[in-house]
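For reference, the structure is listed below as structure tokens.
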Amino acid sequence: MASEVDVQGDTHREIMGATYHALCKHGYAHLTMQDIADEFDKSRSLLHYHYDTKEELMLAFVDNTVGWVGARLAESDTEEPLERLEEYVDGFVIEPGEEDRETFALALLELRVQAVHNEQFREKLATHYQTNIDTVAEIIADGIDAGVFRPADAEEVGETIYTALVGARMYQVTLGAGHASRRMRDRIAEFVVEDLLVDGRTVAEFNVEDAGFGKDDGDDADG
């Protein structure tokens with residue numbers, strides 16, 4: 001028989017999963033507790049037992065997202081810094097047709113808008129922002145130590161990479177700029193990674209062909 005702690009942990013994961021799926025379907029602005037309950041295998045009363053309001057649940061969801069970012073990096077089997085950087089950057093690319101990921105990215109953008117007027121959201125999303133920068137900065141620092149990257153300010157490079165990727169995703173999901181996140185991924189390879197690499201290493205090692213690096217995306221609708 002599962003302990004109370006195990007049941008609570010399982011329930012938390014299920015609620016976070018239900019929230020994620022509801023956000024993917026509805027976005028944040030129109031999301032209701034009923035939408036989340038519809039994705040939750042247990043009763044709506046159990047959902048309300050843990051979270052009284054959508055805002056309270058969203059705050060917990062942001063906390064969970066921050067923890068997931070750190071756990072994903074820790075669980076990675078990739079050790080080579082250039083491959084780790086590629087893995088990180090690729091995680092932000094949304095291909096046309098990935099509607100769930102587009103809706104979820106839009107929901108995160110809507111949460112960031114809430115942070116303008118909500119201090120609790122602002123604090124948690126600021127932590128999320130810094131966690132993402134720290135993640136890529138650690139990759140850059142490890143690459144410098146390993147002799148893969150030239151000496152650089154890892155924190156500044158990390159912030160540049162992260163904010164560029166987030167900006168491209170925002171452009172893509174709000175204005176229908178097809179392939180914007182993929183093109184940003186390619187430009188990071190061309191201008192940032194190429195400049196970081198020590199002599200003897202080339203950006204071709206960044207597996208750019210899989211992302212369409214250097215190709216003409218003629219089906220883009222954003223001009």
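These numbers were taken from a predicted model, which means no experiment stands behind them. Computation of the quantities below employed the complete heavy-atom set of this structure, encompassing side-chain atoms and omitting hydrogens, waters and symmetry-equivalent molecules.
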- Task: Step by step, work out the side chain to side chain contact (heavy atoms under 4.5 Å, CB included) result for Val192 and Leu196.
- Result: CA-CA 6 Å; Val192 180; Leu196 278 173; 4.2 Å; yes

- Message: Applying side chain to side chain contact (heavy atoms under 4.5 Å, CB included) to Leu125 and Arg112, what does each step give before you reach the verdict?
- Response: CA-CA 7 Å; Leu125 287 168; Arg112 290 185 176 102; 4.2 Å; yes

- side chain to side chain contact (heavy atoms under 4.5 Å, CB included) between Asn132 and Phe92, worked out: CA-CA 11 Å; Asn132 274 281; Phe92 288 85; 3.7 Å; yes

- Check the pair Leu197 / Leu82 against side chain to side chain contact (heavy atoms under 4.5 Å, CB included), numbers first and verdict last. CA-CA 9 Å; Leu197 289 170; Leu82 186 57; 4.2 Å; yes

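Between the side chain of Gln130 and the backbone N or O of Thr127, no donor-acceptor pair lies under 3.5 Å. Using modelled atom types, no side-chain atom of Arg201 and backbone atom of Val148 make a donor-acceptor pair closer than 3.5 Å. Proximity of a side-chain donor or acceptor of Glu80 to a complementary backbone N or O of Glu83 within less than 3.5 Å is detected. Judged purely by atom type and a 3.5 angstrom limit, Arg182 has no side-chain atom pairing as donor or acceptor with the backbone of Val93. Distance alone, capped at 3.5 Å, places no donor-acceptor pair between the Arg150 side chain and the Ile144 backbone.
A salt bridge between Arg187 and Glu190 is present, with a side-chain N of the basic residue lying under 4.0 Å from a carboxylate O of the acidic one. Ion pairing of Arg185 with Glu86 is present here, as a side-chain N (NZ or NE/NH1/NH2) and a carboxylate O approach within less than 4.0 Å. Checked for salt-bridge contact, Arg183 and Asp186 miss the test: no charged N lies under 4.0 Å from a carboxylate O.
Of all the heavy atoms in Ser181 and Ala168, the pair that sits closest is CA-CB, 3.9 Å. What you find for His117 and Arg122 is that their closest heavy atoms are N-NH1, 4.4 Å. The minimum heavy-atom distance between Ile36 and Met58, with the atom names listed, is CD1-CE, 4.3 Å. Nearest heavy atom pair, residue Ala146 against residue Pro81, reads CB-CG, 4.3 Å. Looking at every heavy atom in both residues, Leu85 comes nearest to Phe149 through CD2-CZ, 4.0 Å. Of all heavy-atom pairs spanning Ala141 and Ala154, the tightest one is N-CB, 4.0 Å.
Within the 6.0 Å centre-distance limit, the rings of Tyr162 and Tyr129 are counted as a close aromatic pair.
How far CG of Leu165 is from CE of Met184: 7.0 Å, rounded to the nearest 0.5 Å.
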Using distance only, find each side-chain donor-acceptor pair of residues 23-33 under 3.5 Å and give its atom names and separation, not counting sequence neighbours.
residue: Lys25; atom: NZ; partner: Glu39; partner atom: OE2; Å: 2.8
residue: Thr32; atom: OG1; partner: Gln34; partner atom: N; Å: 3.4
residue: Thr32; atom: OG1; partner: Asp35; partner atom: N; Å: 3.0
residue: Thr32; atom: OG1; partner: Asp35; partner atom: OD2; Å: 3.1

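Two different hydrophobic clusters hold Val113 and Leu108 under the rule that ILVMFWY side chains link at heavy-atom gaps under 4.5 Å. Following chains of ILVMFWY side-chain contacts shorter than 4.5 Å, one cannot reach Phe191 starting from Val198, and the two form parts of different hydrophobic clusters.
The side-chain hydrogen bond (donor to acceptor under 3.5 Å, both in side chains) search around Gln114 returns none, not counting sequence neighbours. When the ring pair (Phe, Tyr, Trp, His ring centres under 6.0 Å) test is applied to Tyr20, the partners found at least two apart in sequence or on another chain are Phe104. Applying the side-chain hydrogen bond (donor to acceptor under 3.5 Å, both in side chains) test to Glu55 and every residue at least two apart in sequence or in another chain returns Asn118.
The side-chain heavy atoms of Leu57 and Asp52, taken from C-beta on, include no pair separated by under 4.5 Å.
A 6.0 Å sphere centred on CD of Glu98 holds more than 12 heavy atoms belonging to other residues, nucleotides or ligands.
Hydrophobic cluster membership for Val173: Ile94, Leu106, Leu109, Met170 (Ile, Leu, Val, Met, Phe, Trp, Tyr linked by side-chain heavy atoms under 4.5 Å, directly or transitively).
Under the salt bridge (Lys or Arg N to Asp or Glu O under 4.0 Å) criterion, the residue pairs touching residues 40-51 are Glu14-Lys42, with sequence neighbours excluded.
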